[in-house]
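Working notes, beginning with the structure itself.
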Amino acid sequence: MTGIPMAKGITKRSVDYSRWYTDVIAAAQLADHSPVKGCMVIRPTGYAIWEQMQTALDKLFKETGHVNAYFPCFIPEHFMKKEAEHVKGFAPECAVVTHGGGKKLEEPLFIRPTSETIIWAMYKDWIQSYRDLPLLINQWANVVRWEMRTRLFLRTTEFLWQEGHTAHATYEEAEAETKQMLEVYRTFAEEYMAVPVITGKKTEREKFAGALHTYCIEAMMQDAKALQAGTSHNLGQNFAKAFDVTFQNEAGELESVWATSWGVSTRLIGALIMTHSDDNGLVLPPKMAAVPVVIVPIWKSDEEMDAVLKRLDVLTRNWKDKFNFKIDDRNNLRPGRKFNEWEKKGIPIRLEVGPRDLETNEIVLVRRDTCEKTRVSQDNLTERIISTLESMQVDMFKKALAFRRSNTHKVDDYDEFKERIDAAGGFYLVHWNGQTASEEKLQEETKATIRCIPFDAPEETGKCLITGQPSTRRVIVARAY
RNA sequence: CGGGGCAUAGCGCAGUCCGGUUAGCGCACCUGGUUUGGGACCAGGGGGUCGCAGGUUCAAAUCCUGCUGCCCCGACCA
């Protein structure tokens with residue numbers, strides 16, 4: 001048994017990918033456009049996904065020794081101006097508060113686009129000796145960046161994120177932290193979101209404003225475009241010097257502190273949607289579904305209703321501590337409507353139970369990722385559900401990985417590259433001479449950017465795709481969100 | 001910032017060119033009944049300062065002027 005009828009109200013991916021994306025969000029009731037330009041209202045269904053993400057990530061952060069704190073959203077103007085590169089990078093996209101309490105403020109307050117400056121202003125007071133290090137703090141917060149063009153989840157004026165800000169005694173320690181947190185992001189993306197990512201280093205041009213270097217995870221969406229899904233920065237001593245944060249080392253000498261910062265945002269919800277969902281709506285990997293199992297009971301008479309619900313009572317008795325589930329016993333909707341509703345919302349497993357199943361001791365199990373419908377025995381149902389959820393988690397990752405692999409190519413000829421990226425998008429492993437000038441030329445001529453220098457790229461001699469100059473390794477080039 | 005489009009019920013639209021009953025349709029919503037294994041049906045009902053502000057006119061959703069907001073496509077960004 002298979003098959004799901006065509007979805008109403010969702011544009012097919014093949015017709016218009018970006019319409020499809022917004023249709024899926026609307027159909028699943030994840031978010032709405034707000035009355036304020038560029039901002040979104042995250043609806044309960046969408047926020048539940050964010051909560052799943054927060055829970056999993058927060059645990060990973062705590063396991064690596066981090067603690068949470070909260071800093072204000074207002075940043076005094078002169079803080080923003082202390083780190084030269086940082087101002088240059090962020091000033092143009094900042095919202096600034098000039099009035100408060102009906103009066104013009106003495107000093108304008110920037111609404112944080114990120115919190116390095118206010119956090120380092122505080123770290124100055126908190127750090128005196130090497131014994132105060134490392135300082136490993138994370139905060140869950142909103143930030144504002146005045147973007148010209150916005151898209152739900154992918155780029156909104158205000159968005160939710162977490163930002164880790166750590167302080168260390170040495171460069172090596174800071175570097176280890178930067179890499180460790182990138183690895184946390186990779187683990188989270190792949191094992192929880194089932195989104196395969198490439199880890200690597202950003203080019204000078206793409207790195208964070210004020211960082212020594214930036215590492216990232218890059219994912220491929222179903223239209224074969226790249227999406228930066230998370231970043232981790234080694235900030236060196238730039239912020240410590242700008243905010244005069246020093247510590248006494250064991251030898252009693254005064255040194256500047258070494259810093260990192262790292263973040264992922266509600267953009268991950270966009271990544272999740274564009275990696276797994278289909279023409280029928282949202283598809284959630286089990287670990288990202290607050291409620292991974294929904295049961296639609298079916299009945300004609302009141303007697304049948306009682307019988308079905310009673311059986312469900314027995315069947316679900318030991319489920320509470322194993323996985324969340326919901327019994328959709330609304331009596332004003334017919335089953336077909338409920339099937340469709342839960343499909344659009346991406347619930348991983350749907351169970352259908354009616355009078356016929358009571359007789360045969362079976363139940364209908366439908367997998368959202370494959371749309372596969374199976375009649376399964378009511379015996380061992382709990383184990384069957386758990387194993388199905390586990391398979392789905394793995395299968396969805398494998399499917400996404402296979403897609404990325406089949407859309408990743410090595411190319412050595414610039415004209416061939418132009419043709420292929422126009423025709424099919426995709427990731428291209430190409431040689432690059434390491435110069436910003438050729439990177440800019442590439443973007444001007446093809447709208448593609450260097451997504452990252454992958455960690456696993458082997459040393460290999462070749463010629464730069466753009467200039468023909470010598471190169472020692474390949475980088476990933478793609479058109480990106 | 002450039003190009004395009006839209007603004008009429010919660011959503012999607014018609015009506016606007018050519019001014020004229022009480023502004024209409026589909027979906028959604030409410031009530032009652034029949035239904036229920038893939039998006040139910042029948043009957044009844046509620047909901048609108050026609051984006052805002054001026055103007056023309058006996059009369060404006062409709063004509064004129066100005067403004068505002070939003071969406072989509074490009075240049076910039078997590």
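Chain letters run A, B, ... following the sequence lines, proteins first, then strands; residues in each count from 1.
The C1' atoms of U68(B) and G24(B) are separated by 27 Å, rounded to the nearest whole Å. Between the C1' atoms of C73(B) and A28(B), the separation comes to 31 Å (whole Å). Using atom C1' as the reference point in both A14(B) and G54(B), the two lie 28 Å apart (nearest Å). Separation of the P atoms belonging to C70(B) and G46(B) is 35 Å when rounded to the nearest angstrom. Comparing the C1' positions of C17(B) and G10(B) gives a spacing of 30 Å, expressed to the nearest Å. Spacing between A7(B) and G15(B) at atom P, rounded to whole Å, works out to 10 Å. Distance check on atom C1': G26(B) versus U8(B) gives 15 Å, rounded to whole Å. The gap from the P atom of G44(B) to that of G37(B) amounts to 26 Å, rounded to the nearest Å.
With a 6.0 Å radius and a threshold of 12 heavy atoms from other residues, nucleotides or ligands, K418(A) has its NZ atom above the threshold.
At whole-Å resolution of the value, CG in L152(A) and C1' in A78(B) are 15 Å apart. Across the protein-nucleic acid pair, F339(A) atom CZ and G38(B) atom P stand 6 Å apart, rounded to whole Å. Spacing between atom CG of L333(A) and atom C1' of G38(B) amounts to 13 Å, rounded to whole angstrom units. Between the CD atom of E93(A) and the C1' atom of A78(B) there is a distance of 9 Å, given to the nearest Å. In this structure, I298(A) places its CD1 atom 8 Å from P of G38(B), rounding to the nearest Å. We find that CD of E439(A) is positioned 12 Å from P of C76(B), with the value rounded to whole Å. In this structure, the CG atom of D32(A) is 11 Å from the C1' atom of G10(B), given to the nearest Å. When rounded to the nearest whole Å, the span between CZ of R368(A) and C1' of G38(B) equals 14 Å.
Applying the 3.5 Å distance criterion, the base of G38(B) shares no donor-acceptor pair with the side chain of E341(A). Judged by distance alone with a 3.5 Å cut-off, no donor-acceptor contact links the side chain of K338(A) to the base of G37(B).
Residue contacts for F208(A): at a heavy-atom cut-off of 4.0 Å it reaches no nucleic acid atom on any strand shown. The residue L154(A) sits close to a base: some heavy atom pair falls under 4.0 Å. Among the heavy atoms of the strands, none lies under 4.0 Å from T231(A). Using a 4.0 Å heavy-atom criterion, one finds that P92(A) contacts no nucleic acid atom at all.
Distance from the side chain of E343(A) is smallest to G38(B) among U36(B), A78(B), G38(B). Closest to the side chain of F159(A), out of U35(B), G37(B), A78(B), is A78(B). Comparing atom distances between the Q228(A) side chain and each of U36(B), A78(B), G37(B) picks out A78(B) as nearest. Side-chain proximity of W299(A) to the nucleotides A78(B), U36(B), G37(B) is greatest for U36(B).
Counted by atom type alone, E175(A) and Y215(A) present one or more donor-acceptor pairs between their side chains at under 3.5 Å. Residues T157(A) and E147(A) have side chains that never bring a donor and an acceptor to within less than 3.5 angstrom of each other.
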Check residues 51-58 of chain A and write down every donor-acceptor pair under 3.5 Å in which the side-chain atom is one partner and the other belongs to a residue at least two apart or another chain.
unit_1 : atom_1 : unit_2  : atom_2 : d
Q52(A) : NE2    : K287(A) : O      : 3.1
T55(A) : OG1    : E51(A)  : O      : 2.7
D58(A) : OD1    : N68(A)  : ND2    : 2.9
D58(A) : OD1    : W140(A) : NE1    : 2.8
D58(A) : OD2    : K62(A)  : NZ     : 2.6

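Nucleotide G74(B) has C1(B) as its partner under the Watson-Crick or G-U criteria, with both atom distances under 3.5 Å. Nucleotide C27(B) has G10(B) as its partner under the Watson-Crick or G-U criteria, with both atom distances under 3.5 Å. Nucleotide G66(B) has C52(B) as its partner under the Watson-Crick or G-U criteria, with both atom distances under 3.5 Å. If you check A40(B) for Watson-Crick or wobble pairing at under 3.5 angstrom, you find it paired to U34(B). Nucleotide C58(B) is matched to G20(B) when pairs are restricted to Watson-Crick or G-U wobble geometry with both distances under 3.5 angstrom.
Electrostatic pairing of E341(A) and R330(A) counts as a salt bridge here, judged by a charged N lying under 4.0 Å from a carboxylate O.
Applying the ring pair (Phe, Tyr, Trp, His ring centres under 6.0 Å) criterion to W161(A), with sequence neighbours excluded, gives F159(A). Under the ring pair (Phe, Tyr, Trp, His ring centres under 6.0 Å) criterion, F397(A) pairs with no residue at all, not counting sequence neighbours. Partners of A95(A) according to the side chain to side chain contact (heavy atoms under 4.5 Å, CB included) rule, which considers only residues two or more places apart in sequence or in another chain, are I111(A), V144(A), W146(A). Considering only residues two or more places apart in sequence or on other chains, A226(A) meets the side chain to side chain contact (heavy atoms under 4.5 Å, CB included) condition with E218(A), F427(A), R451(A), A478(A), A480(A). With sequence neighbours excluded, the residues that form a side chain to side chain contact (heavy atoms under 4.5 Å, CB included) with T231(A) are T214(A), C216(A), Q228(A), H233(A).
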Sub-3.5 Å pairs of nitrogen or oxygen atoms, protein against nucleotides 40-47 of chain B:
unit_1 : atom_1 : unit_2  : atom_2 : d
A40(B) : O4'    : R334(A) : NH1    : 2.4
A40(B) : N9     : R334(A) : NH1    : 3.2

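Sorted by first and then second residue, the pairs that involve residues 259-286 of chain A and meet ring-ring contact (aromatic ring centres under 6.0 Å, His included), not counting sequence neighbours, are F61(A)-W262(A), H66(A)-W262(A).
Each of T156(A) and D357(A) lies near RNA chain B, and the nucleotide nearest D357(A) is the one positioned closer to the 5' end.
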Reading 5' to 3' through nucleotides 69-75 of chain B, protein heavy-atom contacts under 4.0 Å coded B for base, S for sugar-phosphate only, - for none: -SS-SBB
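Of the possible donor and acceptor atoms, none in the side chain of S277(A) sits under 3.5 Å from a partner among the backbone N and O of M274(A).
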